[in-house]
Amino acid sequence: MGNKIARTTQVSASEYYLHDLPSSYNLVLKEVLGRGRFFKSILCKHDEGLVLVKVYFKRGEYIDLREYERRLSHIKETFRAIDHPHVWPFQFWQETDKAAYLLRQYFFNNLHDRLSTRPFLSLVEKKWLAFQLLLAVKQCHEKGICHGDIKCENVLVTSWNWLYLADFASFKPTYIPYDDPSDFSFFFDTGGRRLCYLAPERFYEHGGEMQVAQDAPLKPSMDIFAVGCVIAELFLEGQPLFELSQLLAYRRGQYDPSMHLEKIPDTGIRKMILAMIQLEPELRFSAESYLQNYAAVVLPTYFSPFLHNFYCCWNPLHSDMRVAMCHSVFPEILKQMMGNKSSEETSNVLSTPSSATSINESQEMDAKQRLNLTKDLFRKREKLDKGIVEHRFRPLGDISTLLGDGKESNHCSIGKPMLEDLTNSGFSQDLRNGGVQSSGELFQSISDAFRKNGHPFLKKITMNNLTSLMSDYDSQSDTFGMPFLPLPEDSMKCEGMVLIASLLCSCIRNVKLPHFRRAAILLLKSSSLYIDDEDRLQRVLPYVIAMLSDPAAIVRCAALETLCDILPLVRDFPPSDAKIFPEYILPMLSMLPDDPEESVRICYASNIAKLALTAYGFLVHSIRLSEAGVLDKLSTTHKSLMSSNETSGQQQRLNGDAQLAQLRKSIAEVVQELVMGPKQTPNIRRALLQDIGNLCCFFGQRQSNDFLLPILPAFLNDRDDQLRAVFYGQIVYVCFFVGERSVEEYLLPYIEQALSDATEAVIVNALDCLAILCKSGYLRKRILLEMIERAFPLLCYPSQWVRRSAVTFIAASSESLGAVDSYVFLAPVIRPFLRRQPASIASVKALLSCLKPPVSREVFYEVLENARSSDMLERQRKIWYNSSGQSKQQETADLLRRGAEDLNSIKCWSDKQQNIEGQRPAVDATKQSELTQFVDDDGAKLRAMGSLVYNASSMVDTRDPLCPEKLQFSGFMSQQASGLSSLVGEQIIGRDTFVLL
């Protein structure tokens, strides 16, 4: 009775770790990062960001910590005077009765974590971090301060690869016993990995000859040894150089780390590391010596001063100004990073000592000039942010000032004057005078490189290579060969561009203004030209895809175009990225057909063919990896199912065909949504038609017939004149890919219908398409004669643009029919339109010189309307369904009758013109003089034109009122412009003020 079990009180982690700190600090525990025996590291939230708190719990006896507090204060005050520090001391400390607290700003990555985080560090990034680590140690040693515990966990790395050396161990013992590992575990093995970065001379034996105090001052050589261990781990992909047992064996001369360093391929890096980890401290050089001696051997020359000074200018700016600064100096960055290659090539070409001396002198002068400019920029900036430098590392009365440095340094007024100095200085003028392109010229040239002939490394289908492309057709797989062009070997490589890409990726999501976000994306595209495939996929691609959901339409368009331009550059990728298109890229693009902005949907439509061919290229490469057995290593079950090589090859072929079919189905769904979806517009359809050839190449012959042909009527159902003009200008590519039968039964009725269209651009493109098909042998004799019957009235069309295309088709038809059939079938049809017999019907120049003057629009459309008495649907049905022989004979008789009526009408008009020329007064005198002058002038100019070579793109008759629009818009016009121009044209005809080109 009265016995009760005592209740144990549950203490929260926040109360356990932070109960002694005043509530005014407003810290909330987020996560416990480390539970070392010496310090407990915890991550806390604050109103202005994240804070790292290291807690030391007092154990039993009283310990006076005032000496350690004095050391921390001295370190912070000393590093405050450094202009651009690579050191980050503790910013605040607090001692209570039960614990001591050390506080600093939290960094997301240390070097140990960064080595195992994607995207993995490239070689130049590792060199850049090693350079900064040596620079940080140099800054410490120049101020008489040694770190004492340099290891990967204490090397902090930002997202833009700026390095800080943190957690100075002035409170840890300098020397620890050799034969008692407890001190090492307590003070230095915080992660429990048993890795050792301590110099061998920091271990001593109990009772040995050398008796030292544990708190003796540190020496710079001790830090150099630790730096060598960190750099070795950096280049060994995270593998440590020494464990504790190995270091003790190395101290006794029983372990050789050089065998482990053989994994590093660069001999210069190995030599530098071996020089840093010498057993004798006197043989180790200072950090400054390593920076100087290995500048050209290991570290690229543009690291110092150019790149480091650029980073120093970059750090205090906010994200918008960072992008603006990078945009303004990008040409100089490219020049400096490509300078090593150019200097080596120059030295190979120029062998005389005098020339080499002059080159070296000029390079030294350029370096001095850049250094002087950067110093001036720094000096001006220091005047502006003097207040920020004074308050850096100041003692904290309130914890809210702990993260104030970042906000103050990101103030807009700091970066603007510096950027203006950079862009308006004489230095940029010297760059232009020296042959370096300005930023605008450089980005324009890069943009032109991607748009000049499609993509520079992706095949552009033209009429010249259609025949060769058809010869590469594989009927089994329904493909037309690989779509990629060979990449240049070395001219486009620049390893340093990875650093610039990392800079842009680190700030692009924090940029506020849309045009700066767009500029950052374009800079990423420019940088991607010079980096390798792994960096394009692992580093740039995720950020570009993330910008597809940006609120601004111009940013989404830029991201989509950059994505479609970067992906064709990738030719090699790891097996883990084999399914990047079906599992990552295409799902991320699935929301674009429903984008609220039409410009984004137009951009997607204009790039869908390029994207489809790139996806096909990725699929082919993944199939090759599978055939080589690379992908099979990832799935051992697949190998167990295969009983022989033939079965394995057949299974892989079937698997590849299935993947290609699935890819084509995905692209077909996108195309159908763009063309026939609820948000389709004529502009989207026109954009899709511009690259219909590449789309047909991707789908293959069978899929083009099954999918593309059924959606073609949707383009013609639209009343937009420009859309119809583009359709008939690009339909010839579809004709080549779908085959002769589909052309005759499906596409020719559309082309025939276009010959009577009211828009001249549609008529011209349809005639050009017929001419190309005729030359390529896609039209049989019967079909060709029917097309001639529909096209020959256009020889008297009022616009010479249309007449010239009609002549081109007639000449191509004559060449295809041959001399006999041309004399029998073609000559009687076109004879009423000729003033004399041409030397050859197959010659465009001869036919143009013999054509009679065109009729007026009223006469032409009146005759044309009389010729339309038959039903067009019946004519299409004859071609589609192959009517019976009797109906064909009746229809042929009707056609001959209508043709005779047309010829009689035209012959009457021709006789009327002859009467006018013979001065027989049958019409009004004013009209007679105007027509006579018109006929004489036109006939003389046409005869003069007979000596010119036919060029459809330049020979345009300015009598056509649409001539300026055709030259400006490549033959496209609107309905309003068509009607107005026709009215103006008739007025000009009446005034007899024609000018013939």
Side-chain angles (χ1 to χ4, degrees), residues 86 107-137 150-166 191 193 195 197 226-241 260-261 263-270 272-273 276 290-291 294 297-300 302-304 307-308 310-311 314-315 333 337 340 493-508 524 527-528 530-543 570 572-574 576-577:
H86 284 278
F107 284 76
F108 185 76
N109 270 329
N110 57 40
L111 185 58
H112 171 69
D113 297 332
R114 183 64 186 88
L115 287 174
S116 58
T117 304
R118 288 183 181 273
F120 299 124
L121 294 173
S122 62
L123 179 61
V124 69
E125 286 180 300
K126 295 175 183 177
K127 292 181 179 180
W128 174 240
L129 293 177
F131 167 79
Q132 293 181 84
L133 181 58
L134 287 171
L135 196 58
V137 176
I150 297 178
K151 54 187 176 183
C152 290
E153 288 83 352
N154 293 336
V155 177
L156 309 178
V157 182
T158 65
S159 58
W160 59 92
N161 288 329
W162 186 261
L163 182 143
Y164 289 103
L165 188 59
R193 299 191 297 155
L195 305 183
Y197 301 87
V227 169
C229 296
V230 172
I231 293 178
E233 188 171 344
L234 174 64
F235 285 94
L236 287 172
E237 306 295 340
Q239 298 180 12
L241 186 60
H260 193 33
L261 292 175
K263 298 178 182 179
I264 301 176
D266 195 325
T267 57
I269 297 174
R270 294 201 302 266
M272 184 177 70
I273 294 173
M276 291 179 176
Y290 288 109
L291 287 173
Y294 292 91
V297 180
V298 175
L299 308 174
Y302 58 82
F303 277 3
S304 179
L307 189 61
H308 186 264
F310 172 74
Y311 268 77
W314 167 283
N315 286 332
I333 294 173
M337 291 184 175
N340 294 336
K493 295 297 182 181
C494 178
E495 61 176 7
M497 273 296 156
V498 178
L499 300 173
I500 305 303
S502 298
L503 287 175
L504 295 167
C505 292
S506 67
C507 68
I508 190 171
L524 280 177
S527 303
S528 298
Y530 304 96
I531 60 180
D532 57 17
D533 292 340
E534 183 178 1
D535 291 321
R536 292 185 185 113
L537 289 177
Q538 301 291 336
R539 194 180 306 271
V540 177
L541 187 64
Y543 287 92
V570 179
D572 191 16
F573 48 85
S576 58
D577 292 334

**OP:** For the pair L307 and Y302, evaluate side chain to side chain contact (heavy atoms under 4.5 Å, CB included) and give the outcome as yes or no after the intermediate values.
**Re:** CA-CA 6 Å; L307 189 61; Y302 58 82; 4.1 Å; yes

Can you see which heavy atom on [X] is nearest to which on [Y], and at what distance?
X	Y	value
L156	A166	CD1-CB, 3.5 Å
L234	A130	CD2-N, 4.1 Å
W160	S506	CB-OG, 3.4 Å
G496	V124	CA-CG2, 4.2 Å
R539	P119	NH1-CG, 3.9 Å
G268	V297	CA-CG1, 4.1 Å

Does [X] use its side chain to pair, donor to acceptor, with the backbone of [Y] at less than 3.5 Å?
X	Y	result
R114	T117	yes
R536	I531	yes
H86	L163	yes

Does the plane of the ring in [X] sit parallel, tilted or perpendicular to the ring in [Y]? Use 30° and 60° as the thresholds.
X	Y	answer
H308	F131	perpendicular
F310	W314	tilted
W162	Y311	parallel

Below 4.5 Å, heavy atoms only, C-beta onward: do [X] and [Y] meet side chain to side chain?
X	Y	result
K127	P300	yes
L165	V155	yes
I333	M497	yes
I150	V137	yes
T267	R270	yes
L541	V570	no

**OP:** Applying side chain to side chain contact (heavy atoms under 4.5 Å, CB included), run through D535 and S122 and close with a yes or a no.
**Re:** CA-CA 8 Å; D535 291 321; S122 62; 4.3 Å; yes

Got a second to check how far [X]'s [atom1] is from [Y]'s [atom2], nearest 0.5 Å?
X	Y	atom1	atom2	value
N161	L503	CG	CG	7.5 Å
M337	S527	CE	OG	8.5 Å
L241	I231	CG	CD1	11.5 Å
Y294	I269	OH	CD1	11.0 Å
F120	K126	CZ	NZ	10.0 Å
I500	Y530	CD1	OH	12.5 Å

Subject >> The single option from L123, D266, L121 passing side chain to side chain contact (heavy atoms under 4.5 Å, CB included) against F235 >> reply: L123

**OP:** Might you confirm whether atom CD of E534 has over 12 heavy atoms from other residues, nucleotides or ligands at distances under 6.0 Å?
**Re:** no

**OP:** Apply side chain to side chain contact (heavy atoms under 4.5 Å, CB included) to the pair L499 and F303, showing each step before the final yes or no.
**Re:** CA-CA 11 Å; L499 300 173; F303 277 3; 4.2 Å; yes

Original post:
What's the verdict on side-chain hydrogen bond (donor to acceptor under 3.5 Å, both in side chains) for D577 and Q538, showing C-alpha distance, side-chain angles and the deciding distance?
Top reply: CA-CA 10 Å; D577 292 334; Q538 301 291 336; 3.1 Å; yes

**OP:** Given side chain to side chain contact (heavy atoms under 4.5 Å, CB included), test L134 with M276 step by step and report yes or no.
**Re:** CA-CA 11 Å; L134 287 171; M276 291 179 176; 3.5 Å; yes

